[in-house]
Participant: 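One structure, as structure tokens, below. Some questions next.
Count residues from 1 along the sequence. Counting starts at 1 for both ligands and their atoms, following the listed order.
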Amino acid sequence: MRLEKYLADCGIGSRSQCKAYIRQGLIKVNEMIVTDGATQVTKQDKINFKGTPLILTKGLYYMFHKPAGCVCALKDPSQKTVLEYFDAPLSKKLLIVGRLDKDTEGLLLLTDDGDFLHHLTSPRRHVAKTYYFEAVGKLSTDAVRQVEEGMDIGDAAFTKPGILTVMAEEDALVSGTLTIYEGRFHQVKRMIKALGCQVTYLKRLSIGGLTLDEHLNPGEFRPLTEAEKQILLLDKEGKEV
Ligand code: URA
């Protein structure tokens, strides 16, 4: 396998980040700095990134029902992390696919496959993510259209077009779903705020064609099936998304 793919599979960065690490002389193969990403390596080679050995163990794919109150970080000195729900050695191998806020619940994927992670989080792929929200306030009358057209939420660029479905709206309480195709910081909360409301509850229901298993209670996880992995990687025509 090419060195740059090996590094991406280990989860240290996207393919292009890995190429840059190689060019910068940060990668050693069998104690020697290697600067050509096309170099062929195998599991038998000793590969180091900034002095840390990298071990390739692809093949772990989990769906986790993230509860509120834990953070999506590999380590945190003061707060519970999602990885603390997994026992060692699993907790040492898994990477978190994207981020949910501490108070957000719902579908979170974890894997040891760096390619899979970058496939789902790459800003170029626009994977859909659907959230259920509850909020206080009154939504702008043209909220659905604003979301559909892309909105100004204070960033350099408008959001990509999304889909807002209002389920209930009474006494200044609103609930609904919002589908977005990006992963900006606090994006759902900021979009709902720009539409006149404050999110009080947020839960991710789906990523691409994969929906949170309703049998999983908050804090529980299970491996993805082969079919679920394919759903995440392929579109309806069976082409790579
Ligand atoms: N948007 C948010 O505001 N928070 C999340 O956790 C995810 C999406």
Participant: Quick one: nearest non-hydrogen protein atom to atom 1 (N) of ligand 1, plus distance?
Facilitator: V188 N, 3.1 Å
Participant: N/O to N/O below 3.5 Å, does that happen between Y131 and ligand 1?
Facilitator: no
Participant: Considering only heavy atoms of L202, which atoms of ligand 1 have at least one such atom less than 4.0 Å away?
Facilitator: 2 (C), 3 (O), 4 (N), 5 (C)
Participant: Using distance alone, determine whether T104 and ligand 1 share an N or O pair under 3.5 Å.
Facilitator: yes
Participant: Can you name the atoms of ligand 1, numbered from 1 with element, that are less than 4.0 Å from a heavy atom of Q187?
Facilitator: 1 (N), 2 (C), 3 (O)
Participant: Can any side-chain N or O of E228 pair as donor or acceptor with the backbone N or O of T225 at less than 3.5 Å?
Facilitator: yes
Participant: Check for me whether F185 has a heavy atom closer than 4.0 Å to any atom of ligand 1.
Facilitator: no
Participant: Using 30° and 60° as the class limits, which term best fits the ring planes of F64 and Y85: parallel, tilted or perpendicular?
Facilitator: tilted
Participant: Give the residue, atom name and distance (to 0.1 Å) of the protein heavy atom nearest atom 4 (N) of ligand 1.
Facilitator: D101 OD2, 2.7 Å
Participant: Taking only residues two or more places apart in sequence or in another chain, which ones pass side-chain contact (heavy atoms from CB on, under 4.5 Å) with F158?
Facilitator: D152
Participant: Can you classify the ring geometry of F116 versus Y61 as parallel (below 30°), tilted (30 to 60°) or perpendicular (above 60°)?
Facilitator: perpendicular
Participant: Evaluate ring pair (Phe, Tyr, Trp, His ring centres under 6.0 Å) for F133 paired with Y201, printing each intermediate quantity in order.
Facilitator: CA-CA 6 Å; F133 68 89; Y201 175 78; over 10 Å; no
